[in-house]
Amino acid sequence: MVRSLEKVDMDKIVSLCKRRGFIFQSSEIYGGLGSTWDYGPMGVELKRNVKDAWWRSVVWERDDMVGLDAAILMHPRVWKASGHLEGFVDPLVECSWCHRRFRADHLVAWDVYGVNRGSEWLLGQVADVDPPNNQPSQQVLYEITGLADKGGFGTSHYKISDRPIEELIMTGRLPCPVCRTLRTLSPPRNFNLMLKTFLGPVEDTASTVYMRPETAQGIFVNFQNVLTATRRKLPFGIAQIGKAFRNEITPGNFVFRTREFEQMEIEFFVKPGTDEEWHQRWVQERLQWYVKLGIRQENLRLRRHGKDELAHYAKDCYDIDYRFPWGWAELEGIANRTDFDLKAHSAESGLPLAYFDEETKEHVVPYVIEPSGGADRAALAFLIDAYDEEPDPGQKEIRTVLHLHPSIAPVKVAVLPLSRNERLVPTARQVYDTLRSRLRGLVQYDDAQSIGRRYRRQDEIGTPFCVTIDFQSLEDNAVTIRDRDTMAQVRVPIAELADALAKRLEGQDS
RNA sequence: GCGGGGGUAGCUCAGUGGUAGAGCUCCUGCCUUCCAAGCAGGUUGUCGCGGGUUCGAGUCCCGUCCCCCGCUCCA
């Protein structure tokens, strides 16, 4: 079974998602609403399975984790304390000539002075985006000072100094870092990435609240509650799955970046000093989760954030990236948030948020390791990685099949009578009824059209096993189990069918 | 926000001013044996939306929404 990424293009995925009921565009009959998507009957099963697998892995299978489900709407002061009100703002600068946009805080600017006989004068200004070395390039210097025409002279004649970016932009003498045009950069405009709404029926008197931009804060503000209620000792973690909202400037790539999305977040509280070790452990733990559920290792990578890339709360961060058809992109970030959040909420609320260490008889503010993944992104990655088109032996048709791990496949088993012949129906319905009650997960019944067509339909939604009832079944009380990946068939007595299927579905779990 | 491409049946798309189409899918019936099979039938459209020009608009004009690629960013 060779699955190459070249076969996957997003149009085919999007098309399959709609055709088979995985993902629909939201509000489609009204022309759609940008960046919002609805999960159909297959999609909701897939996404639930992904979330369940995550929950099982990080809560049920561990003894150092508990769960939580906090409200989406929280007190506005939460966002003041967390820094989102101030810091979750991208100051954007736009060049009116080339229409490129830059984050002002990613621009680095220098004044360039010429020096002659002890006096100095401003030759010009230079901007660059995330330069590798903290200096403007020689080429840029020549262009901005016009020295190239005069044959140029050495850098010893320059004096370079940093200045606040905003001030430089206002002077109009700072060129666009890409097209180098002068006087075209707009003043920085703040894009607050939080969605606002109003609490209370009358808009003018209602209070402004925010739709949470991350589920994490619900965990931090409940830290003391959980600690008291569960009598946990460090280290321990709190897991939460829930919707979050961000006014992304540029959403896109199907469900990859949307303004409403679902997070699977852990805040793992550890003693200061042990945080770096726990960080490494969680990075490996989380990476292996994707591998275990079937994502090919070569399509996954770890990427450590550069210092300049870190969020305002983070000391260190690794991304788990997946090789999407459009390139490497983040599935999950595992950050070391230090004691930033607990201390911030403690300061804002005036309440101590700390842990009493019985050994040292001291209060400590735990450090926090945060594995934070996107449920929608994970589901999409599983879908893409499972997608395959195989040549159909003997036929010219291609077989489209999702090689989904059984535990996340939307339909576990399909029950297919060989034909609609009425003699087959009672046995087929009986098998269907039994499997529905005995198996964990969705079981489908399909008797429409030829058996081959029905196999292909199930392949396309990634159903691991099909059970076929034929006329011989009426004689020997046995049915056929057909394997999605190999298309091989084995005959099993009906009495043993549920166990045989359960074994196959769970046997591939590890 | 800017540039480029696009929106016609469930899907992929054809249709450059004159009766809305094709392939696949889907549905019904027949078939005692297994991989989109065969035979016989059948359903499907606010041509993204709103205006305008015209005797007549899927087609031309204006506006608008949405999708894709790029610039940006994160889960």
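Below, chain A is the first sequence line, B the second, and so on; all start at residue 1. Just so it is clear, the values below take in all heavy atoms, side chains as well, and ignore hydrogens, waters and symmetry mates. Computed from a prediction, not measured in an experiment: that's the story for all the values here.
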Checklist outcome for this item: Under a 4.0 Å heavy-atom criterion, the protein footprint on nucleotides 43-49 of chain B, written with B, S and -, is ---B---

Item to check | Residues A:Asp485 and A:His403: side-chain donor-acceptor under 3.5 angstrom | outcome: yes

Checklist entry - Out of B:U12, B:U33, B:C67, which nucleotide sits closest to the side chain of A:Trp37? => result B:C67

Checklist entry - Out of B:C34, B:A75, B:C74, which has the shortest distance to the side chain of A:Leu418? => result B:C34

Checklist entry - Rounded to whole angstrom units, what separation is found between the CG atom of A:Asn247 and the C1' atom of B:A75? => result 16 Å

Checklist entry - When the ring planes of A:Trp278 and A:Phe268 are compared, do they come out parallel, tilted or perpendicular, using 30° and 60° as the limits? => result tilted

Next on the checklist: Taking any heavy-atom pair under 4.0 Å as a contact, classify A:Ser419: base, sugar-phosphate, or nothing.
Outcome noted: nothing

Checklist entry - Tell me: CZ of A:Arg456 to P of B:A37, nearest whole Å? => result 9 Å

Item to check | Options B:A36, B:C74, B:C11, nucleotide nearest the side-chain atoms of A:Lys18 | outcome: B:C11

Checklist outcome for this item: If pairing means Watson-Crick or G-U wobble with both distances under 3.5 Å, then the partner of B:C39 is B:G29

Checklist entry - Is the number of heavy atoms from other residues, nucleotides or ligands within 6.0 Å of CZ (A:Arg48) greater than 12? => result no

Next on the checklist: Students often mix this up, so state it plainly: with edges at 30° and 60°, are the rings of A:Phe254 and A:Trp37 parallel, tilted or perpendicular?
Outcome noted: perpendicular

Next on the checklist: Has A:Glu265 got a side-chain atom pairing as donor or acceptor with A:Ala216's backbone, closer than 3.5 angstrom?
Outcome noted: yes

Checklist entry - Within a radius of less than 6.0 Å around CH2 of A:Trp60, do more than 12 heavy atoms belonging to other residues, nucleotides or ligands occur? => result no

Item to check | A:Arg491 CZ - B:U33 P separation (whole Å) | outcome: 14 Å

Next on the checklist: Any base atoms under 4.0 Å from A:Glu262, or only sugar-phosphate, or nothing? Heavy atoms, all strands.
Outcome noted: nothing

Checklist outcome for this item: Within residues 470-480 of chain A, the residues having a heavy atom closer than 4.0 Å to RNA chain B are A:Asp470, A:Phe471, A:Gln472, A:Thr480

Checklist entry - Is it the case that A:Tyr290 and A:Glu332 place a side-chain donor and acceptor less than 3.5 Å from each other? => result yes

Next on the checklist: Over all strands shown, is A:Leu424 touching base, sugar-phosphate only, or nothing at heavy-atom distances under 4.0 angstrom?
Outcome noted: nothing

Next on the checklist: Tell me if the aromatic rings of A:Phe324 and A:Phe256 count as close, with their centers under 6.0 Å from one another.
Outcome noted: yes

Checklist entry - So, A:Phe261 and B:A75: ring centres less than 5.5 Å apart, planes less than 30° off, yes or no? => result yes

Next on the checklist: On RNA chain B, compare the nucleotides closest to A:Trp326 and A:Gly373; which residue's is nearer the 5' end?
Outcome noted: A:Trp326

Next on the checklist: Any carboxylate oxygen within less than 4.0 angstrom of a Lys/Arg side-chain nitrogen, looking at A:Arg304 and A:Asp319?
Outcome noted: no

Next on the checklist: So A:Phe254, base contact, sugar-phosphate only, or nothing? Heavy-atom distance under 4.0 Å.
Outcome noted: sugar-phosphate

Would you tabulate the pairs of protein nitrogen or oxygen atoms and nucleotide nitrogen or oxygen atoms of nucleotides 21-29 of chain B closer than 3.5 angstrom?
from	atom 1	to	atom 2	distance (Å)
B:U25	OP1	A:Arg453	NH1	3.2
B:C26	OP1	A:Arg457	NH1	2.4
B:C26	OP2	A:Gln449	OE1	2.9
B:C26	OP2	A:Arg453	NH1	2.7
B:C27	OP2	A:Gln449	OE1	3.3
B:C27	OP2	A:Gln449	NE2	2.7
B:U28	OP1	A:Arg420	NH2	3.3
B:U28	OP2	A:Arg420	NH1	3.4
B:U28	OP2	A:Arg420	NH2	3.2
B:G29	OP2	A:Arg420	NH1	2.6

Next on the checklist: So A:Ser372, base contact, sugar-phosphate only, or nothing? Heavy-atom distance under 4.0 Å.
Outcome noted: sugar-phosphate

Checklist entry - Taking the six-membered ring of A:Tyr210, is NZ or CZ of A:Lys196 closer than 6.0 Å to its centre and within 45° of its axis? => result no

Checklist entry - Across the strands shown, which category fits A:Thr258 at heavy-atom distances under 4.0 angstrom: base, sugar-phosphate, nothing? => result base

Next on the checklist: Just the rounded figure in Å: distance from C1' of B:U72 to CG of A:Asn253.
Outcome noted: 12 Å

Checklist entry - Is there a donor in the side chain of A:Gln217 and an acceptor in the side chain of A:His345, or the other way round, less than 3.5 Å apart? => result yes

Checklist entry - Can a cation-pi geometry be assigned to A:Arg337 and A:Tyr367, taking NZ or CZ under 6.0 Å from the six-membered ring centre and within 45° of the ring axis? => result no

